[in-house]
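Structure record follows, encoded as structure tokens.
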Amino acid sequence: MEKRSLKFPDGFYWGAASASYQVEGSIYNNDWAKAGEAGKVPKADNRIDHYNKYEEDFSLAKDLGHNCSRLSIEWSRIEPAEGHFDQSEIDHYRKVLEYMRSIGLKPFVTFWHFTQPTWFSDMGGFENKKSVYIFTRYCMRVLDDLNDVCDNWATINEPNVWASNGYQRGNWPPFKKNPFKYFKVLRNLVKAHKSVFIKSQIKYGDRIDVGIVKDNIQFTSDKNLFNILIAKVADSHWNHYFLNKVRNHTDFIGLNYYFHQHFGKGKEYPKSDMGWNIDPEGIYHVLMDLKRYQKPVYITEAGIADKEDKYRAEYIKGMVKWTYKAIEEGVMVKGFMYWSLLDNFEWALGYDKEFGLIHIDPVTKERIVRSSAYVYKDICVSNTLTIK
Ligand code: BGC
């Protein structure tokens with residue numbers, strides 16, 4: 001069959017993503033660390049130690065052809081007690097961001113990726129209406145210091161995933177199963193996002209972009225009327241409730257895409273180590289569905305847990321191919337960040353699920369680049385995917 005080269009737009013961003021609690025190590029002052037101590041979730045330890053090894057890790061990313069990286073900053077380090085900001089931790093992130101820029105990696109920073117300082121979760125976290133003010137104060141304090149070293153900021157990572165695990169399923173802190181509280185925290189997250197967006201617009205105008213990172217799923221069903229209805233309701237709530245509320249208060253949408261969910265009888269797909277369908281085409285449908293918002297989109301996460309590295313290369317190629325199609329059809333996709341640069345702490349599942357382009361030896365902390373990372377490198381370096 002004839003080969004085709006899919007050339008991405010000039011200036012396209014290629015990279016990988018991570019989040020503070022999943023890779024940094026030595027974080028003791030947040031709700032996850034506390035729940036880990038209490039034996040309710042696994043404990044994150046120092047095996048990855050990205051807090052100290054960030055230069056090595058970002059240099060590897062650069063060697064792997066990346067020109068950007070997404071990370072989150074750890075709120076509990078920066079504001080260890082209410083209203084008390086630790087300048088040395090803000091300075092640490094300045095060093096990280098300056099290092100990334102010096103080697104040619106554009107930083108994408110998320111203010112809040114699931115973990116809360118214990119003082120904040122103890123006062124009810126986002127159930128408390130003061131949370132909007134408190135979260136805004138934290139974000140603005142960080143922006144005041146770091147607006148010159150990063151111009152792309154996401155307020156919240158995956159509001160629906162966080163709220164449903166913490167307030168519906170009850171398997172993440174604060175371990176509640178309460179639909180009223182689920183909606184209450186979502187509403188406060190909407191307000192918190194908008195408040196940061198508005199304040200940063202007033203202060204920094206177009207100099208920085210502030211956006212949201214959303215976890216969208218492709219919902220499909222068989223022809224059963226009930227299944228059609230569930231798929232529609234799931235789509236409207238999960239994919240669009242939050243985005244509709246913030247659509248006039250966001251510079252971009254960060255899309256995290258992992259799988260599609262089918263209701264009723266359907267085709268079987270190969271599964272990742274998470275048991276998720278491996279079906280890259282879904283990203284195309286989810287991207288097309290974001291067109292209605294008319295915003296630039298960054299794919300801020302797309303990844304696969306695959307310890308043996310059996311499926312990762314093909315998965316990445318598939319995701320990139322379907323992303324290309326969405327761009328051809330008018331979606332303003334500006335970048336693609338694989339989840340994750342490194343194997344890391346997969347929340348309630350601990351360290352067993354390995355998403356990394358780079359495997360970490362848990363004892364020696366040695367970084368071992370997986371072969372799929374080189375397949376991704378070819379795409380990043382050439383800004384092109386070649387398919388048969
Ligand atoms: C989250 C990551 C997580 C990944 C894989 C996303 O929901 O943002 O923190 O590790 O998916 O489950």
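Each residue takes its place number in the sequence, starting with 1. Just so you know, ligand 1 is whichever comes first in the structure, and atom 1 is the first atom listed for that ligand.
- Closer than 4.0 angstrom to ligand 1 by heavy atom are Gln22, His113, Phe114, Asn157, Glu158, Asn256, Tyr258, Trp276, Glu301, Trp339, Glu346, Trp347, Phe355, sorted by chain and number.
- Looking at Lys40 and Glu37, no side-chain N of the basic residue comes within less than 4.0 Å of a carboxylate O on the acidic one, giving no salt bridge.
- Around NZ of Lys130, the count of heavy atoms belonging to other residues, nucleotides or ligands within 6.0 Å does not exceed 12.
- Taking 4.0 Å as the cut-off between side-chain N and carboxylate O, Glu127 and Lys184 do not count as a salt-bridged pair.
- Taking the charged nitrogens against the carboxylate oxygens, Asp306 and Lys310 have no contact shorter than 4.0 Å, which rules out a salt bridge.
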Working for ring pair (Phe, Tyr, Trp, His ring centres under 6.0 Å), residues Tyr99 and His92: CA-CA 11 Å; Tyr99 182 72; His92 166 80; over 10 Å; no
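- Under the 30°/60° scheme for interplanar angles, the aromatic rings of Tyr138 and Phe135 are found to be tilted.
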